[in-house]
Structure formats: C-alpha cells, structure tokens
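Here the structure is laid out as structure tokens; the discussion comes afterwards.
No hydrogens, no waters, no symmetry mates; every other heavy atom, side chains included, goes into these values. Residue numbers run from 1 in the order of the sequence given.
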Amino acid sequence: MTGPELNRWADRVWHHQRTATPMARITEEVPHLTVEDGYAIQARLIDRRTASGEHLIGYKMGLTSEAKQHAVGVSLPIYGRLTDAMELHTPIVDGSRLIHPRVEPELAIVLKRGLAGSVPLRDVLTAIECVLPAWEVIDSRYEGFSFTAADVVADNASAAQFYLPPYAFSPYGRDWAEMGVTVRRNGHVRHVASAAAVLGHPWEAVRRLAILLAQEDRELLPGQVILTGGITDAVPLSPGDRLQMTFGTLGILDVVVPVRKEDANAPDSY
Ligand code: 0L1
Ligand code: MG
C-alpha cells in the first residue's frame, strides 16, 4: 500500500473512532491488506490522535489467549497503542464514545526499565516496576465486530478505554500465571480463568511485545503502561450493567455501565 493510501485509511479509521460509528472492513475494499499495512495504518492513526493533543502512554497486547483467538477467528497475538485519552479514572464506562463495547479482565504493568528486542522472561520480570489488576473495554470499529488480523491491527487492536485502580502490587513474591480471575455480570458468573491463559504467563505477552516492536526498530520505555491481554473472553456490555472482576486475593474491580437517557426505550444494547 502506498503512503497516501495508508493515510487515507488512517483518516477513515480515525473518523469512525471519533464519531463512534461502524465502518466496513478495510479488507472488503483491499482484500490483500497485510498485517504490516495494518501496523502502518495504526501508526498513522495514533499520529492523528497525538496531533489532536493525546499522549502515547504505552501499549496493549491483544488476542493473547486461545479463548479470545477462537472468539474472533484470528490466531496471532497483536499489539495496539494506548493514549492518555483512553484511560478512565473511575470504573465507569463512557458509553457515549462506543459502538458495541466488550470488557475483559487483564493484568497491567508499568515498566521501570526499557526492553528492546528478544530478552529472557527473567529480564521482563526485573524490568517491571509494579503490577495492577485492570480492565479493558474493546470496541471494534468494524460492522458486526468482524475482521481479519490486518483489519483489527489497523483499528489499533480494538483499543477503546481502560481502567487501572489507584493501587498496585510488587511483581515479586507470587506466580502471577496462577492468579485466578472470576468475572460476574449482574451477579452471575460469566467467566473463570487463570492468568496462565495469557500465552502461558502474562509476562510472555510483554516479551512478545518487545520482539514485535523491535521488528519496527522500536523499543519499550521506562514508565510505559502495558495491558498484557484479556485473561477471559470479553463480555458484551449493555447500559445499566454492573460487573465485578475478582483477581485472586488482590481484590475486586467493579465495572459500571451507566444507563443513558436515550436508552430508556431500548435498554438492551448500545
Ligand atoms: O484486547 C484484545 O484482545 C482485543 C484484540 C482485538 C480483537 C477483538 O477486538 O476482540
Ligand atoms: Mg485486551
């Protein structure tokens, strides 16, 4: 794909992200779109977001569990970029900016040291400043939440919003892969899994991210936030929903989806 074509697609995806309106998959018009094209569109998309005042604060890994890969029919881990505008400072989803949101529990980390290229898992462990239970709201801009790997990469790996609580944990002293997570929606258990569902160990997602970035001559930097990937399949959200995500003995994160005035006659979906 040429530079002007990549720019045109980045403009189009940015328009649909900003206006929370669905678009046809890029591959409907460009069937041979590659994953590399997708990352080039994603980079240009984030350029547009930073030009409008947002700041890059880290990355998210996506499609890191078999449950998620099966759910969307794409079988490789991917990454997206996180900006400060995507972070929620209370556990209340902002439905006004979303098309068909889903939420998933994750472990987030903040790096104290950078990571470049292929490193042993032990180097990832010692580069982590702290670990936070977290949730991510994903929202594909594509009609029907349906896409190829190249499409979803161009759409910034469906990144929409995320929440980190105001407390964090040391990375040391526990095996994070063994941490169990339970997701309840409106009081009913929807999913149970352990963090090992994320590529065998959530720090493996960080290791893979450093490798993916090195392929583009980039690296992870101290202070960056990384969402390591959904531990369970994502749960569709509707106005009025309340979810609780229990992270082992670390605590419970609530997810609150407000009821909007305009939903009064159609309360079952966004
Ligand atoms: O965070 C994720 O795993 C989402 C990656 C993109 C696939 C999807 O939208 O479900
Ligand atoms: Mg995710």
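Note that OH of Y59 and CD1 of I78 are 14.5 Å apart. Values are rounded to the nearest 0.5 Å. If you take CE on M86 and CD on Q161, they are separated by 10.0 Å, rounding to the nearest 0.5 Å. Rounded to the nearest 0.5 angstrom, L199 CG and R208 CZ are separated by 5.0 Å. Of the inter-residue distances, the one linking N186 atom CG with L243 atom CG reads 6.5 Å to the nearest 0.5 angstrom. Atoms CG and CG, on L237 and L98 in that order, are 8.5 Å from each other to the nearest 0.5 Å. Once rounded to the nearest 0.5 Å, the distance linking OG of S140 with CD1 of I99 reads 7.0 Å.
A salt bridge is absent between R102 and D139: the closest approach of a Lys/Arg side-chain nitrogen to an acidic carboxylate oxygen does not fall below 4.0 angstrom. Using a 4.0 Å cut-off between a side-chain N of Lys or Arg and a carboxylate O of Asp or Glu, D47 and R44 do not qualify as a salt bridge. With salt bridges taken as basic N to acidic carboxylate O contacts below 4.0 Å, none links D254 and R242. E204 has a carboxylate O that lies under 4.0 Å from a charged side-chain N of R207, or vice versa, which qualifies the two as a salt bridge. A salt bridge is defined here as a Lys NZ or Arg NE, NH1 or NH2 lying under 4.0 Å from an Asp or Glu carboxylate O, and R49 with E54 meets this definition.
Residues Y163 and F169 share a single hydrophobic cluster, defined by chaining ILVMFWY side chains whose heavy atoms lie under 4.5 Å apart. Hydrophobic clustering places M23 together with I138 (ILVMFWY residues linked when any side-chain heavy atoms are closer than 4.5 Å, directly or through intermediates). Both W14 and I26 sit in one connected hydrophobic cluster of ILVMFWY residues. Membership requires side-chain heavy atoms under 4.5 Å apart, directly or through other members. Hydrophobic clustering keeps L56 apart from L82 (ILVMFWY residues linked when any side-chain heavy atoms are closer than 4.5 Å, directly or through intermediates). The same ILVMFWY cluster, assembled from side-chain heavy atoms under 4.5 Å apart, contains both Y142 and L6.
Contact annotation: the side chain of W203 approaches that of V131 to within less than 4.5 Å [non-hydrogen atoms, C-beta and beyond]. Using a 4.5 Å heavy-atom cutoff, the side chains of L213 and Q215 are not in contact. For the pair T228 and M61, the minimum side-chain heavy-atom distance is 4.5 Å or more. Side-chain contact check for V183 versus V189: every heavy-atom pair is 4.5 Å or farther apart. Here the side chains of M1 and I41 are in contact, with some heavy-atom distance below 4.5 Å. Between E28 and L33 there is no side-chain heavy-atom pair separated by less than 4.5 Å. Taking the side chain as every heavy atom from C-beta outward, F162 and L88 never approach each other to under 4.5 Å. Proximity of I57 to T83: side-chain heavy atoms (C-beta onward) are nowhere separated by under 4.5 Å.
In this structure, a donor-acceptor pair under 3.5 Å is absent between the side chains of T148 and R25. Side-chain atoms of R113 and T126 form a donor-acceptor pair, as typed in the model, at a separation below 3.5 Å. A donor-acceptor pair shorter than 3.5 Å cannot be found between the side chains of R97 and Q17.
Formation of a donor-acceptor pair under 3.5 Å by the K60 side chain with backbone atoms of Y79 is not found in this model. Panel note: side chain W176, backbone P171; a donor-acceptor pair is recorded below 3.5 Å. Side-chain atoms of H16 come within 3.5 Å of backbone N or O of T21 as a donor-acceptor pair. At distances below 3.5 Å, not a single donor-acceptor pair connects side-chain atoms of D37 with backbone N or O atoms of A150. In this structure, Q69 contributes its side chain and L63 its backbone to a donor-acceptor pair below 3.5 Å. Distance alone, capped at 3.5 Å, is enough to place a donor-acceptor pair between the D94 side chain and the S96 backbone.
The 12-atom threshold is not exceeded at CD of E66, counting heavy atoms of other residues, nucleotides or ligands nearer than 6.0 Å.
For S194 against A177, the heavy-atom pair with the smallest separation is OG-O, 3.6 Å. The heavy-atom pair separating A195 from L107 by the smallest distance is CB-CD1, 4.1 Å. The two residues V256 and P258 make their nearest non-hydrogen contact at O-CD, 3.7 Å. Among all heavy-atom pairs drawn from E216 and R218, the shortest one is OE1-NH2, 2.9 Å. Nearest heavy-atom pair, G58 versus Q224, reported as atom, atom and distance to 0.1 Å: CA-CB, 4.2 Å. The heavy-atom pair separating A210 from G117 by the smallest distance is CB-O, 3.5 Å.
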_Audit row: N7, R48, side chain to side chain contact (heavy atoms under 4.5 Å, CB included) steps and yes/no_ = CA-CA 10 Å; N7 283 329; R48 282 146 181 74; 3.4 Å; yes
_Criterion side chain to side chain contact (heavy atoms under 4.5 Å, CB included) on R174 and M179, from CA distance to verdict_ = CA-CA 9 Å; R174 73 177 77 225; M179 196 194 56; 5.8 Å; no
_Chi angles and distances behind the side chain to side chain contact (heavy atoms under 4.5 Å, CB included) call for V30, H32_ = CA-CA 6 Å; V30 189; H32 302 301; 5.5 Å; no
*Check against side chain to side chain contact (heavy atoms under 4.5 Å, CB included), V110 and I128*: CA-CA 6 Å; V110 178; I128 295 173; over 6 Å; no
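Between F145 and F147, the ring planes are tilted. Angles from 30° to 60° get that label.
Every residue was checked against the side chain to side chain donor-acceptor pair (under 3.5 Å) condition with H191, not counting sequence neighbours, and none meets it.
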